[in-house]
Protein chains: 2
Amino acid sequence: MRYSHRLSDAVHILAYIDIYHDSDLSSTAIAASVESNPALVRRLMVALRRAGLLATQQGTATPRLARQPAKISLLDVYRSVEEEGNLLHVDDKTNPKCVVGGNIQETLRVAYDEVQRAAEAQMAQITLASLVDDIWTREREKKANGSQ
Amino acid sequence: MRYSHRLSDAVHILAYIDIYHDSDLSSTAIAASVESNPALVRRLMVALRRAGLLATQQGTATPRLARQPAKISLLDVYRSVEEEGNLLHVDDKTNPKCVVGGNIQETLRVAYDEVQRAAEAQMAQITLASLVDDIWTREREKKANGSQ
DNA sequence: TTAGATGTTACTTTATATATTACATCTAAC
DNA sequence: GTTAGATGTAATATATAAAGTAACATCTAA
């Protein structure tokens with residue numbers, strides 16, 4: 001099982017830039033929210049820029065979304081930052097002299113591709129806009145409960 | 001990232017037991033096909049037994065499927081051997097004092113659950129029987145091509 | 001000119017899946 | 001019963017990828 005947080009951190013960065021667009025958007029400020037480090041944030045921002053989701057300018061802490069949040073899906077972010085991009089992994093060291101070992105890799109690859117497509121179709125339905133909405137809803141609920 | 005091959009190896013073990021039910025089914029023989037080691041095979045077999053997919057008897061190399069291959073889905077195997085069982089992972093170290101950091105974990109958990117459900121629904125459609133069929137089809141095709 | 005930002009790379013640390021080893025326990029054959 | 005060889009199980013070691021850290025070239029704006 002993988003323990004990569006690249007997708008979660010990338011969504012975090014985009015949500016932060018959307019919500020705090022009038023505040024300090026330096027990699028250091030964002031890293032403080034992610035509780036990670038500025039270099040990781042910058043690396044992820046480069047990946048998001050290359051994927052056309054983010055616009056940045058070297059020397060200035062002025063990143064901005066390259067598209068409306070409603071036009072950025074979780075799948076877009078996933079494909080930006082997950083290099084390999086497979087949720088399930090084939091064991092590529094099986095014995096080719098065995099009926100099972102000699103064929104199961106391709107068999108599983110096809111099966112896993114179907115699972116991947118189903119997962120990605122769902123990811124395509126989730127937008128940054130809906131995630132940011134959900135963040136705000138939770139924030140309001142916390143405030144409401146806190147003042148009871 | 002370090003990939004887990006537990007699901008692939010578990011499917012391999014079940015397919016091997018189904019296909020080679022009249023041959024040597026010791027953990028050593030199966031490990032030779034997986035190109036792994038007997039202890040790993042035994043651990044996975046224990047997980048499959050606990051999940052009700054496999055019947056084993058201590059002291060004897062006589063494992064057998066506890067259900068018909070058509071009644072064993074990829075999802076059954078996945079749930080047997082993947083302890084945590086989440087394809088996507090939330091970064092659980094974000095700053096609670098920030099609107100984003102304080103809420104994104106739950107927001108992403110809900111979103112990831114939706115993706116997980118879509119993936120698992122697809123896994124439920126894939127049976128061990130169909131995977132074994134595919135293995136045999138590929139084996140026949142290899143033989144046909146080889147004798148041309 | 002300079003302070004402070006991003007872009008980028010190299011190296012270190014940490015986490016964890018798998019390999020390895022060992023051994024208790026069980027089964028079947030003798 | 002004894003024994004060979006199997007599973008069940010745990011402890012430890014190893015390998016490797018993710019994340020952390022540090023350093024620095026480059027760019028921007030004051």
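Chain naming here is simple, since letters A, B, ... match the order of the sequence lines and numbering starts at 1 in each. None of the values given here were measured: they were computed from a predicted structure.
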Q: Does anything in residues 7-16 of chain A reach DNA chain C, meaning a heavy atom under 4.0 Å, and if so which residues?
A: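 By residue number: none to list.
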Q: If you look only at distance, which donor and acceptor atoms sit under 3.5 Å apart when one is on a side chain in residues 40-50 of chain A and the other is two or more places apart or in another chain?
A:
from	atom 1	to	atom 2	distance (Å)
A:Arg42	NH1	A:Ser27	OG	3.1
A:Arg49	NE	A:Thr56	OG1	3.1

Q: Please check the phosphate of C:dA17 (OP1 and OP2 only) for any side-chain N or O of B:His5 closer than 4.0 Å.
A: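 Checking B:His5 against C:dA17: no side-chain N or O falls below 4.0 Å of OP1 or OP2.
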Q: Could you list the donor-acceptor pairs under 3.5 angstrom formed between side-chain atoms of residues 10-18 of chain A and any protein atom two or more places apart in sequence or on another chain?
A:
from	atom 1	to	atom 2	distance (Å)
A:His12	NE2	A:Ser33	OG	2.7

Q: Angle between the end axes of the helix from C:dT1-D:dA30 to C:dC30-D:dG1, five pairs per end, to the nearest 10 degrees?
A: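 Comparing the axis at each end, I get an angle of 10°.
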Q: Has B:Ser27 got a side-chain N or O lying under 4.0 Å from the OP1 or OP2 atom of D:dT7?
A: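 For D:dT7, OP1 or OP2 has a side-chain N or O of B:Ser27 closer than 4.0 Å.
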Q: Just verifying a value: how many Å separate A:Trp136 CH2 and B:Asn103 CG, rounded to the nearest 0.5 Å?
A: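 A:Trp136 atom CH2 to B:Asn103 atom CG measures 9.0 Å (nearest 0.5 Å).
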Q: Of A:Asp133, A:Thr137, A:Asp134, which is the lone residue that meets side chain to side chain donor-acceptor pair (under 3.5 Å) with B:Thr107?
A: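 Going through A:Asp133, A:Thr137, A:Asp134 one by one, the side chain to side chain donor-acceptor pair (under 3.5 Å) with B:Thr107 is satisfied by A:Asp134 alone.
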Q: Counting N and O atoms only, with roles assigned by atom type, does the side chain of A:Thr94 sit under 3.5 Å from a partner on the main chain of A:Gly101, one being a donor and the other an acceptor?
A: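 Confirmed, A:Thr94 side chain pairs with A:Gly101 backbone.
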Q: OP1 or OP2 of D:dG8 sitting under 4.0 Å from any side-chain N/O of B:Thr56?
A: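 It does, given that an N or O in the side chain of B:Thr56 lies less than 4.0 Å from OP1 or OP2 of D:dG8.
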Q: Going 5' to 3' along nucleotides 21-30 of chain D, which nucleotides have protein heavy atoms under 4.0 Å from the base (write B), which only from the sugar-phosphate (write S), and which from neither (write -)?
A: BBB--BBS--
Q: Looking at residues 44-55 of chain B, who's got a heavy atom less than 4.0 Å off DNA chain D?
A: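 The answer is B:Val46, B:Arg49, B:Arg50.
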Q: Work out which heavy atom in A:Glu114 is nearest to a heavy atom in B:Gln122; give both atom names and the distance.
A: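 Where A:Glu114 meets B:Gln122 most closely, the heavy atoms are O-CG, 3.5 Å.
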Q: Nearest-nucleotide wise, let me know which of A:Glu35 and B:Thr28 is further upstream toward the 5' end of DNA chain D.
A: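 This one resolves to B:Thr28.
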